[in-house]
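Residue numbering restarts at 1 for every chain, and letters A, B, ... go by the order of the sequence lines.
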Amino acid sequence: MGGRNLTRREALVWELAPSGAMRVPCLLFGSSPLIDALEDGVLTQLRNVASLPGVVAPVVAMPDAHPGYGFPIGCVAAFDPEAGGVVSAGGVGFDIACGVRTLLTDLDAADVAPVREVLADALFARIPAGLGGTGGLRLSERDMDRMLAGGAVWAVTEGYGEAGDLTRCEEGGRMEGADPEAVSSRARERQRDALGTLGSGNHYLEVQRVEEICDARAAAAFGLRPDQVAVSIHCGSRGLGHQVATDHMAIMRQAAPRHGISLPDRDLACAPIASPEGARYLGAMRAAINCALAGRQVITHLVREVFAALFPGCHLRLLYDVSHNTCKVERHPTRRGNQQLHVHRKGATRALGPSHPDLPQAFRGVGQPVLVGGSMGTASYILSGTDASPPAAFASACHGAGRTLGRKQAVKRFPGRGVLAALTAKGISLRAHDLRGLGEEAPQAYKDIEEVIQAAHGLGLAVKTARLRPLACIKG
DNA sequence: ATGTGC
């Protein structure tokens with residue numbers, strides 16, 4: 001590809017060969033049009049990530065990649081602790097454990113249609129959201145510690161949700177190795193009464209209809225059927241994760257010279273996995289993962305209350321909960337054998353195949369549900385993980401449609417009022433706390449989800465299982 | 001993404 005030093009390796013695989021300070025090559029996943037449309041910033045950021053100490057080949061860009069903070073969003077990068085590998089607070093980013101959770105109802109779209117506006121109003125009233133949104137629960141210091149160590153497991157013991165939900169969460173709903181003590185008092189204060197709130201930006205709660213089943217076997221195993229109503233929740237660790245990132249980036253930047261690390265980009269603040277700074281960040285990050293898991297668990301409870309009031313006897317079963325901004329310790333086959341690596345996924349979801357040992361029992365033989373949220377007003381997809389995924393992907397897939405326009409550009413170009421009108425015209429009940437923020441999320445500011453999913457499916461990162469369409473959407 | 005926007 002002219003001027004970009006990209007070599008096409010396969011129909012959907014492009015290589016960025018090492019140059020300059022790069023230690024390993026990068027692989028970019030996507031069709032020719034997707035790669036053509038990539039912003040240069042993605043390539044620069046990939047080169048920077050590939051220059052970090054202890055990075056394991058290759059650094060990967062998913063089909064939904066776009067420029068992010070330090071790492072591109074839609075990036076997977078693994079590091080070897082025994083080769084001086086680092087963990088990067090900037091790489092994981094500000095919204096630690098931002099993720100998607102999908103609940104499946106036993107309702108048909110026809111059941112919801114007559115009360116769609118009422119349902120949207122009820123969800124909007126019940127689910128706290130918006131910038132600075134509070135009104136969830138208020139945590140004592142003791143409960144804060146329990147939440148940070150216990151995640152969704154803690155939330156269930158507090159009465160939010162059902163024990164059965166936990167087997168349908170990554171890590172069983174509780175991330176091991178969390179160190180609540182590594183979470184600053186400022187981070188705690190920001191979260192004090194924000195747990196169970198949706199947040200803002202691209203976060204949303206969507207009521208969806210299963211529009212098409214693409215893989216009957218996987219869909220049956222997941223409990224998906226045509227016309228079924230589902231609810232997807234997309235949110236993260238709110239102010240706490242943001243503050244953990246801020247705190248530890250400052251610590252890592254200060255410690256970098258001591259570890260002999262010169263940062264290619266100050267946003268890539270990192271520390272050796274084996275260092276005190278690295279270990280402390282990992283402990284705090286895992287606590288933030290628990291915060292996000294607990295938050296989505298609390299929201300699940302609120303959603304169930306709303307549905308129970310409108311549809312007596314209705315049950316919402318959790319399909320799965322995935323995080324797409326994390327760093328996790330996993331074993332992966334590499335040229336050096338089966339290595340234990342720290343895998344950063346920034347805007348990338350894990351996609352475990354049917355025989356992966358970390359897969360929850362319920363999905364053995366099928367693969368992990370891979371939840372991919374589309375842009376506002378467009379389709380979302382549920383895919384299933386596959387054993388045939390290319391090893392270079394470190395068992396990962398895309399996480400969304402991916403932006404084509406930055407937030408500021410999008411706001412300038414798309415007034416919120418127009419976005420609201422367009423979605424309303426499409427039969428979607430939209431409720432938003434911030435009209436201006438809607439412009440940021442205009443569908444035109446995102447790639448075509450169909451193109452992204454086609455690439456992921458074609459690469460074998462995950463297999464298309466079902467497509468869902470929004471009926472109602474709650475925005476921060 | 002986010003209690004501190006360019």
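Taking a cutoff of 4.0 Å between a charged side-chain nitrogen and a carboxylate oxygen, E158(A) and R146(A) do not qualify as a salt bridge.
Rounding to whole angstrom units, NZ of residue K408(A) and C1' of dC6(B) are separated by 6 Å. Separating the NE2 atom of H433(A) from the P atom of dA1(B) is a distance of 17 Å, rounded to the nearest angstrom. In this structure, CZ of R345(A) is placed 20 Å from P of dA1(B), rounded to the nearest angstrom. Atom CG of D247(A) is separated from atom P of dA1(B) by 20 Å (rounded to the nearest Å). When rounded to the nearest whole Å, the span between NE2 of H234(A) and P of dA1(B) equals 7 Å. Rounded to whole angstrom, the span from the NZ atom of K412(A) across to the C1' atom of dG5(B) amounts to 13 Å. Separating the CZ atom of F94(A) from the C1' atom of dT4(B) is a distance of 13 Å, rounded to the nearest angstrom. Between the NE2 atom of H242(A) and the C1' atom of dT4(B) there is a distance of 10 Å, rounded to whole Å.
Out of dA1(B), dT2(B), dT4(B), the shortest distance to the side chain of S200(A) is found at dT2(B). Side-chain proximity of R186(A) to the nucleotides dT4(B), dG5(B), dA1(B) is greatest for dT4(B). Side-chain atoms of L131(A) lie closest to dT2(B) of the nucleotides dT2(B), dG5(B), dA1(B).
Applying the side chain to side chain contact (heavy atoms under 4.5 Å, CB included) test to A50(A) and every residue at least two apart in sequence or in another chain returns M22(A), V24(A), C26(A), V59(A). Applying the side chain to side chain contact (heavy atoms under 4.5 Å, CB included) test to S429(A) and every residue at least two apart in sequence or in another chain returns R116(A), E117(A), A120(A), R431(A), A472(A).
Contacts of G236(A) with the nucleic acid, taken as non-hydrogen atoms under 4.0 Å apart, are absent. Counting any heavy atom pair closer than 4.0 Å across all strands shown, Q409(A) reaches no nucleic acid atom. Counting any heavy atom pair closer than 4.0 Å across all strands shown, N325(A) reaches no nucleic acid atom. Counting any heavy atom pair closer than 4.0 Å across all strands shown, R407(A) reaches a base atom. Counting any heavy atom pair closer than 4.0 Å across all strands shown, G199(A) reaches sugar-phosphate atoms only and no base atom.
Note on ring orientation: taking the six-membered ring where Trp is involved, the planes of F124(A) and H433(A) are tilted (angle from 30° to 60°). Taking the six-membered ring where the residue is Trp, Y69(A) and F94(A) present perpendicular rings, their angle passing 60° and hence far from 30°.
Between R238(A) and dA1(B) there is no side-chain polar atom (N or O) within less than 4.0 angstrom of OP1 or OP2.
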